[in-house]
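Have a look at the structure below before the remarks.
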Amino acid sequence: MFETMAIEIEQLLARLTGVNDKMAEYTNSAGVPSLNAALMHTLQRHRDILQDYTHEFHKTKANFVAIRERENLMGSVRKDIESYKSGSGVNNRRTELFLKEHDHLRNSDRLIEETISIAMATKENMTSQRGMLKSIQSKMNTLANHFPAVNSLIQRINLRKRRDSLILGGVIGVCTILLLLYAFH
């Protein structure tokens with residue numbers, strides 16, 4: 001039924017193509033004014049409609065063929081499954097159990113492989129990070145060794161900051177004690 005309908009639709013599309021071609025010949029003939037915009041627009045609109053119909057027909061036909069092929073394939077698979085199930089009863093059950101166990105083992109093996117690959121990638125990343133940190137540390141040490149004046153300057157600045165903090169703390173402490181003595185006398 002599908003094939004006959006498809007052939008009929010193809011014939012109708014061919015007839016519509018013929019009508020469009022005759023319309024194009026009519027607009028290109030010598031007796032028709034060539035500047036008739038409405039006629040040209042109508043012709044273009046009919047060509048677009050024909051193209052849309054043709055495209056939709058081919059798309060629908062391809063979808064139907066794909067669905068039919070899938071149904072045929074699924075039907076043959078179902079027949080195979082039914083014939084397999086209707087085979088030997090006890091042996092079939094044992095085979096089914098062995099197949100399930102095999103699938104479980106294969107899945108476990110796959111998960112273990114994935115875990116090992118993740119662990120290896122993590123180890124490689126940690127090793128590369130350790131190497132980067134060691135290189136940064138060695139560069140800092142070489143800079144400090146190359147520029148001892150900068151290192152000693154930084155140490156002096158830190159000493160002065162500490163000394164200034166102690167002096168400021170002492171002054172604040174003495175002032176606080178004097179204020180407390182003055183407030184209680």
Side-chain angles (χ1 to χ4, degrees), residues 1-140:
M1 181 175 167
F2 172 75
E3 286 82 12
T4 58
M5 289 178 69
I7 291 170
E8 183 180 345
I9 291 173
E10 286 174 349
Q11 289 172 351
L12 289 173
L13 286 174
R15 284 179 49 200
L16 187 57
T17 303
V19 170
N20 279 345
D21 292 339
K22 287 180 184 177
M23 286 173 56
E25 288 174 12
Y26 176 73
T27 56
N28 292 334
S29 65
V32 178
S34 62
L35 299 176
N36 191 352
L39 192 60
M40 295 303 284
H41 176 71
T42 304
L43 177 64
Q44 184 60 40
R45 180 69 185 137
H46 282 278
R47 284 181 181 162
D48 291 341
I49 290 171
L50 173 64
Q51 185 180 9
D52 289 341
Y53 284 162
T54 306
H55 177 70
E56 284 297 319
F57 170 72
H58 289 299
K59 189 169 97 173
T60 305
K61 184 178 177 182
N63 286 341
F64 183 81
V65 169
I67 289 171
R68 186 169 53 182
E69 287 176 356
R70 188 175 61 208
E71 287 297 321
N72 289 339
L73 179 64
M74 292 303 289
S76 66
V77 169
R78 285 187 186 120
K79 287 177 189 175
D80 291 344
I81 290 172
E82 290 300 323
S83 67
Y84 176 75
K85 284 183 179 180
S86 66
S88 59
V90 175
N91 284 339
N92 189 15
R93 179 70 178 149
R94 284 183 187 165
T95 306
E96 186 176 319
L97 290 174
F98 286 136
L99 288 174
K100 282 184 182 179
E101 186 67 26
H102 178 69
D103 287 340
H104 290 300
L105 289 174
R106 194 169 12 149
N107 289 337
S108 297
D109 188 42
R110 183 182 49 83
L111 289 175
I112 289 170
E113 289 292 327
E114 288 176 4
T115 305
I116 289 172
S117 66
I118 290 171
M120 294 297 288
T122 304
K123 179 186 171 204
E124 290 173 8
N125 286 336
M126 295 295 279
T127 303
S128 67
Q129 287 179 5
R130 182 179 66 195
M132 287 180 1
L133 289 174
K134 279 186 177 182
S135 68
I136 290 171
Q137 182 182 10
S138 66
K139 287 178 184 177
M140 292 299 288

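In what follows, residues are counted from 1 in the order of the sequence shown.
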Inset, instruction - Any chance you could lay out the side chain to side chain contact (heavy atoms under 4.5 Å, CB included) test for Gln44 and Asp48, step after step, and finish with the verdict? - result: CA-CA 6 Å; Gln44 184 60 40; Asp48 291 341; 3.1 Å; yes
Legend entry - Phe2, CZ: over 12 other non-hydrogen atoms inside 6.0 angstrom: yes
Inset, instruction - Write out all pairs satisfying salt bridge (Lys or Arg N to Asp or Glu O under 4.0 Å) with one or both partners inside residues 55-69, taking only residues at least two apart or from two chains. - result: Glu3-Arg68, Glu10-Lys61, Glu56-Lys59
Inset, instruction - Measure the CZ-CD distance between Arg110 and Glu113 for me, rounded to the nearest 0.5 Å. - result: 11.0 Å
Inset, instruction - With sequence neighbours left out, write down each residue that passes side chain to side chain contact (heavy atoms under 4.5 Å, CB included) with Gln137, or none if nothing qualifies. - result: Asn141
Inset, instruction - State the NZ-NZ distance between Lys134 and Lys139, to the nearest 0.5 angstrom. - result: 15.0 Å
Legend entry - Charged N-O contact under 4.0 Å between Asp103 and Arg106: yes
Legend entry - Sub-4.5 Å side-chain heavy-atom contact between Thr42 and Arg45: no
Legend entry - Contact summary for Ser135 and Ser138, nearest pair of heavy atoms: O-OG, 2.8 Å
Legend entry - Spacing of CE belonging to Met132 relative to OG1 belonging to Thr127, to within rounding of 0.5 Å: 12.0 Å
Legend entry - side chain to side chain contact (heavy atoms under 4.5 Å, CB included) against Leu13, all qualifying residues, sequence neighbours excluded: Ile9, Leu50, Tyr53, Thr54, Phe57
Inset, instruction - For Asn125 and Gln129, test the side chains for any donor-to-acceptor distance below 3.5 angstrom and give the result as yes or no. - result: no
Legend entry - Check: Gln11 and Arg15 side chains under 4.5 Å, non-hydrogen atoms: no
Inset, instruction - Can you measure from NE2 (His55) to OG1 (Thr60) and round to the nearest 0.5 angstrom? - result: 9.0 Å
Legend entry - Point-to-point distance, once rounded to the nearest 0.5 Å, from CZ of Arg47 to CG of Leu16: 12.0 Å
Legend entry - Atom of Met23, atom of Leu43 and distance for their closest heavy-atom approach: CB-CD1, 3.8 Å
